[in-house]
Amino acid sequence: MDLFLMIVLALNTVWFAIAFWFFSIRPQRAARLLVPWRDRYEASFAVLIHSLRFLGGMNLALALYSLLLVLHPELWDVPLQVVIPLMIFGVAHGSQFYFNLQLAIRQARGERYLWPVWKGPMLGIFLIDAILSVLNFTCGILLFPPSIPH
């Protein structure tokens with residue numbers, strides 16, 4: 001279990017760090033991925049670029065927390081100290097997957113959608129968030145202590 005947990009935490013660290021880099025360091029590139037070229041002249045495009053930096057900041061915090069758990073496995077002695085962040089990471093990945101799932105369904109139905117989920121970089125993001133959500137929840141459930149002292 002320790003190796004599985006270490007791998008999942010390392011994957012979280014890398015993925016959240018990539019999200020930080022993408023949204024905070026390269027927000028124009030992220031915005032171009034999300035907004036079709038024909039709509040990039042609107043004033044809201046500049047607001048989106050700046051707002052994406054906040055999303056990157058949240059991902060930086062999650063990356064650092066994952067890294068802390070990777071670098072200090074002695075924190076694993078008390079399962080809840082690892083179970084709680086795993087569940088939080090699962091929600092972070094799961095919420096990203098869920099919101100993109102709505103767009104993916106619209107795209108598959110041929111309805112209007114905001115950005116393409118079934119092709120390009122968004123497909124990778126969509127699938128990685130789904131996989132990491134499942135892996136984090138799986139680790140959290142497997143590590144959950146059978147009885148919590150009162």
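Small disclaimer: the values here were computed from a predicted structure and weren't measured. Quick note: residue numbers are just sequence positions, from 1.
Side-chain contact between Ile125 and Gln96: absent, with no pair of heavy atoms (C-beta onward) separated by less than 4.5 Å. Annotation: side chain of Ile141 is in contact with side chain of Met87 (closest heavy-atom distance under 4.5 Å). The shortest side-chain heavy-atom distance between Tyr65 and Thr13 does not fall under the 4.5 Å cut-off. The shortest side-chain heavy-atom distance between Val35 and Trp115 does not fall under the 4.5 Å cut-off. Between Lys119 and Met122, the closest side-chain pair of non-hydrogen atoms is not below 4.5 Å. Side-chain atoms of Leu86 and Phe137, non-hydrogen and from C-beta on, never get closer than 4.5 Å to each other. Looking only at side-chain heavy atoms (C-beta outward), Pro121 and Leu33 come within less than 4.5 Å of each other. Looking only at side-chain heavy atoms (C-beta outward), Phe126 and Leu103 stay at 4.5 Å or farther from each other.
One N or O on the side chain of Trp118 and one on the backbone of Ala104 form a donor-acceptor pair closer than 3.5 Å. Although no hydrogens or angles enter the test, the distance criterion places no donor-acceptor pair under 3.5 Å between the side chain of Ser133 and the main chain of Ala130.
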Decide yes or no on side-chain contact (heavy atoms from CB on, under 4.5 Å) for Trp15 and Asp129, but give the supporting numbers first. CA-CA 9 Å; Trp15 188 244; Asp129 276 325; 3.0 Å; yes

Would Val82 and Leu5 count as a side-chain contact (heavy atoms from CB on, under 4.5 Å) here? Give the steps. CA-CA 9 Å; Val82 177; Leu5 177 59; 3.8 Å; yes

side-chain contact (heavy atoms from CB on, under 4.5 Å) evaluation trace for Asn12 with His93: CA-CA 9 Å; Asn12 282 329; His93 292 298; 2.9 Å; yes

Can Phe23 and Phe54 be said to form a ring-ring contact (aromatic ring centres under 6.0 Å, His included), step by step? CA-CA 8 Å; Phe23 293 119; Phe54 292 96; over 10 Å; no

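Between Leu69 and Pro85, the shortest heavy-atom distance links the atoms CD1-CG, 3.7 Å. The two residues Ser95 and Ala92 have their closest heavy-atom pair at OG-O, 3.0 Å. Smallest separation of non-hydrogen atoms from Phe45 and Asp39: CB-O, 4.4 Å. Annotation for Ser24 and Gly57: closest pair OG-N, 3.4 Å, computed over non-hydrogen atoms. Between Arg32 and Arg40, the closest heavy-atom pair is O-NH2, 2.6 Å. When all heavy atoms of Ser66 and Leu9 are compared, the closest pair comes out as CB-O, 3.8 Å.
Atom CZ of Phe144 and atom CD1 of Ile84 lie 8.5 Å apart (nearest 0.5 Å). With rounding to the nearest 0.5 Å, the separation of CG in Leu52 from NE2 in His50 is 10.5 Å. Distance check: Thr138 OG1 to Leu143 CG gives 10.5 Å after rounding to the nearest 0.5 Å. The CG atom of Asn100 lies 11.0 Å from the CD1 atom of Ile105; values are rounded to the nearest 0.5 Å.
Hydrophobic clustering, with ILVMFWY side chains joined whenever heavy atoms are under 4.5 angstrom apart, keeps Phe16 apart from Leu71. The cluster map of Ile, Leu, Val, Met, Phe, Trp and Tyr, joined by side-chain heavy atoms under 4.5 Å apart, puts Leu34 and Tyr113 in different clusters. Transitive grouping of hydrophobic side chains (ILVMFWY, heavy atoms separated by less than 4.5 Å) brings Leu3 and Val70 into a common cluster. The hydrophobic clustering, which links ILVMFWY residues whose side-chain heavy atoms are closer than 4.5 Å, places Phe99 and Ile131 apart. When hydrophobic clusters are built by joining Ile, Leu, Val, Met, Phe, Trp and Tyr residues whose side-chain heavy atoms come closer than 4.5 Å, directly or via intermediates, Leu62 is not grouped with Val134.
Judged purely by distance below 3.5 Å, without hydrogens or angles, the side chains of Trp21 and Asn59 never pair a donor atom with an acceptor atom.
A 6.0 Å sphere centred on CZ of Arg29 holds no more than 12 heavy atoms belonging to other residues, nucleotides or ligands. The neighbour count for Gln28 CD, taken as heavy atoms of other residues, nucleotides or ligands under 6.0 Å away, does not exceed 12.
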